[in-house]
Protein chains: 2
Amino acid sequence: MVRKTKIVDNFTSEIPEFLDARSLFLSGGSTPRDYLETCISNISSSEETVRAFSHYDLAKARTAADASTLRYRDGCPQSPIDGMPVGIKDIIDTFDMPTQMNNRMYDGYMARADAACVRAVREGGAVIVGKTVTTEFAIGRSGPTVNPHNPLHTPGGSSSGAAAGTASGMFAASFGTQTQGSIIRPASFNGVVGFKPTLNALSTDGVHPLSRTHDHLGVLGQSVGTAWAFARWVGEIAPGQDTNGLGGPLASELDHVPVKRVAVPRTAGLDELDDNSRAAFEAQLDQFRAAGITVVDSFDDPYLADLARRLDHIVDISLRMVAFDMRWPYRTYVERYPDEMGPRLHDLVKLGHEVTLDEYRLMRSERDDLRQRVQELSRSYDAVVLPSSSGPAPEGFEFTGARTLLLYWSFLGFPVFGLPLMEVDGMPFGLQLAGFRGRDFELAQHANWMMRQFG
Amino acid sequence: MVRKTKIVDNFTSEIPEFLDARSLFLSGGSTPRDYLETCISNISSSEETVRAFSHYDLAKARTAADASTLRYRDGCPQSPIDGMPVGIKDIIDTFDMPTQMNNRMYDGYMARADAACVRAVREGGAVIVGKTVTTEFAIGRSGPTVNPHNPLHTPGGSSSGAAAGTASGMFAASFGTQTQGSIIRPASFNGVVGFKPTLNALSTDGVHPLSRTHDHLGVLGQSVGTAWAFARWVGEIAPGQDTNGLGGPLASELDHVPVKRVAVPRTAGLDELDDNSRAAFEAQLDQFRAAGITVVDSFDDPYLADLARRLDHIVDISLRMVAFDMRWPYRTYVERYPDEMGPRLHDLVKLGHEVTLDEYRLMRSERDDLRQRVQELSRSYDAVVLPSSSGPAPEGFEFTGARTLLLYWSFLGFPVFGLPLMEVDGMPFGLQLAGFRGRDFELAQHANWMMRQFG
């Protein structure tokens, strides 16, 4: 399968599905170096406009791809992601490339060691193409990436370069991080797959923090299979603390497991949709019904209706928890480098000062309670569906899109796939398929089926 | 109360108890600047021999003490630790002093922000005297600190400077960290109080990691009251994730709550004691009995006997978990800087390669099971007592002392106070008072009573 993304000036980039290419690596029909050269050709033609990278190193990538090529030739690939060209979001440490957080404080900063997840990439023999653009510290000022579907529109944030670079065929997948909406939203805007695993399924060691209660390491990828293979490997080598990684077998390809029953909680976040996006979402639900999926609306299920109200309630709570968590290290940053820090960072630190430890503890116990309630849904539903954003990518670059529909699962720490299923006004528009805590593998199998049925 | 520590060449340093001094700050009878000058005088006379600091800045400390003096004069101290001179173990980030891990890789390294706990110190108005010597990355090569009770003996590690500097009256307390035995052992060797709280009660953000499952931030202090006041404040401003800090009120002084019943699990770790130390420990237990405390030996309680066997079993498990956790970032360190890394670090990284994720998961579930079994003891006992080390500080500097008796509580994540209650061969020898998970406040009240009764 070849995904086509319309790039600026009607340029269309093509990148073969990595899992298909890998079969050819194994049979000798292609090599990781060949595959990388396709990515490099896309970088050559698109990067000047798209600006997905804060830094890249094609010589190093070619060396890594050549080493991978030899391993496949010898029949000994190191992992299911050996030879996969990947991007690393620029808040994630790499010892051989700068990690700059899109903030001048970190201009040219070289970490002494790779982040745990980057270490996993290297141990798997994947090919690091470069560091992908993040918004400032993954929450502040945007830029300079544009949306490859229309360069006057935002790519979304904060994993801007990860999403735009995947859409442009510059790599097969990239690490992203999501504190509130930073993986699933840019996945939606760029028409790629986003996967935010269960909180802490993947280690965030060596990832610059915003909020220990909300920060998720995840991936953006060209397909569910590629995203899963990438994340699954990282979960094997660099699982988060007190978690069991992602579950499921390491090596084999994902099955397609039919989704039979989904919940649609009608939260206030849905009111943020424009008319065309709402119509697209309802049409998508109709397609599901037509395919035999039972779609249960919160209007028809009192338990779900109650949950929807509770989800509405956490919009403020989530931000206050994040702001409180941000006391470290951002209080010191704004005091020491006030002029370097964007206005949103100043605002969040100020908000963090308002939150007391007692309030924080209450919010945490509210979260624990809500986690149990949402996990209960797994008795009756395969997944929960909502749009991945309030619409397609808005024009301009200041506003990277609403977060309301996204932060529910970030607050709860539940796994989500963002699926590029819809289109509105000629731009991509994603669907969120949310699963249950610690059951990432089941969710991936459902997401895989969803894309085959409706993608 | 004035603690006297015999320093080399019969020098005796004196430092008033901080909590007593604080009453004088409030009444106008003394000032934080006066108190600091006593510490500085001890530094002047002892630091050349003791070498507790990797870096110190007396000008900055005086400025901070003067600011604190003004706050007390105005009747507005910022916290219960306002004006407390403290040391910061040199694996903990400070933005205004180098953080060097006792390894050349980090020579002159300046962090961009304070660790969360250091931020808490500053927000409380405590006076940072300097960075205290750690063994290499808190687990490797030792030096250059010596034991102030006898300069030919080790101060213990890895919180070497924290313990020796507290004993020498250079500060009232210091941050230490304990992965297996690194707070309680040097506390024992230097005759000071050590407090290792429940795992993650205090944030380790900005502390260079060894093992996310074992790393504890804690304190060494001149007394139980000072250590508690320091840790309690840090737990308020910088609690660890998913914990509720330390519990107990913030401001008032600790009560003395009698210990009525203690458990003594006769683990194999006790076989490591030399004869004099064993005699001292048994004499201490006799003192407890004479004071009316019920001392239950594992010989007389089958549940306890079973626990003792299980504790023996975790000695290897604990080290294998630590080695596995150390994959990040130490695998990258030993590959990139093989010549900079001491032999023990090479060995541990090699050991970590032997541990599979499946084994690691099994070890974690064994830990979870044992946690429940040990927590069950809280129904019958106030605390568990064991020696803090296998004896007093050994001569020489290579060997910083056995870890066996210490790692039980590090593995479990349970709180421990190390109390300077015993003396062997003219050197200090500590007693561990271990409490129950999340019940640090109760333990501190018991420890406070213990020191008043037997100290």
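FYI, side chains are in, hydrogens and waters are out, and symmetry mates aren't considered; it's all heavy atoms of this structure. All values reported here derive from a predicted model rather than from experimental measurement.
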Side-chain heavy atoms of [X] within contact of [Y], under 4.5 Å:
{"X": "A:Asp114", "Y": "B:Arg331", "answer": "no"}
{"X": "A:Arg327", "Y": "B:Arg119", "answer": "no"}
{"X": "B:Asp205", "Y": "A:Pro209", "answer": "no"}

*Could you tell me which non-hydrogen atom of B:Ala113 sits nearest to which non-hydrogen atom of A:Tyr333, and how far apart they are?*
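Scanning both residues completely, I find the closest heavy atoms to be CB-CE2, 3.5 Å.
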
*Please name the pair of heavy atoms, one in A:Leu357 and one in B:Gly235, separated by the smallest distance, quoted to 0.1 Å.*
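Looks like CD2-O, 4.1 Å.
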
*At a heavy-atom separation under 4.5 Å, does A:Tyr106 approach chain B through its side chain, its backbone, both, or neither?*
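Interface part for A:Tyr106: both.
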
*A:Ala120 versus chain B, heavy atoms under 4.5 Å apart: side chain, backbone, both or neither?*
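Contact with chain B: none, neither part.
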
*State the CD-OG1 distance between B:Glu236 and A:Thr356, to the nearest 0.5 angstrom.*
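Reported value, rounded in 0.5 Å steps: 9.0 Å.
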
_Proximal component of B:Asp93, with respect to chain A [non-hydrogen, under 4.5 Å]_ =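 For B:Asp93, no heavy atom lies under 4.5 Å from chain A.
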
_Max heavy-atom pair count under 4.5 Å with chain A, selected residue of B:Thr213, B:Asp325, B:Thr332, B:Asp368_ =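 Of the candidates given, the most pairs with chain A belong to B:Thr332.
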
*Among B:Ser203, B:Ala116, B:Ala238, who wins on heavy-atom pairs under 4.5 Å with chain A?*
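The residue among B:Ser203, B:Ala116, B:Ala238 with the greatest pair count is B:Ala116.
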
_Whether the side chain of A:Arg336 engages the backbone of B:Arg112 through a donor-acceptor N/O pair (distance < 3.5 Å, no angle test) should be reported._
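Checked: pair present.
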
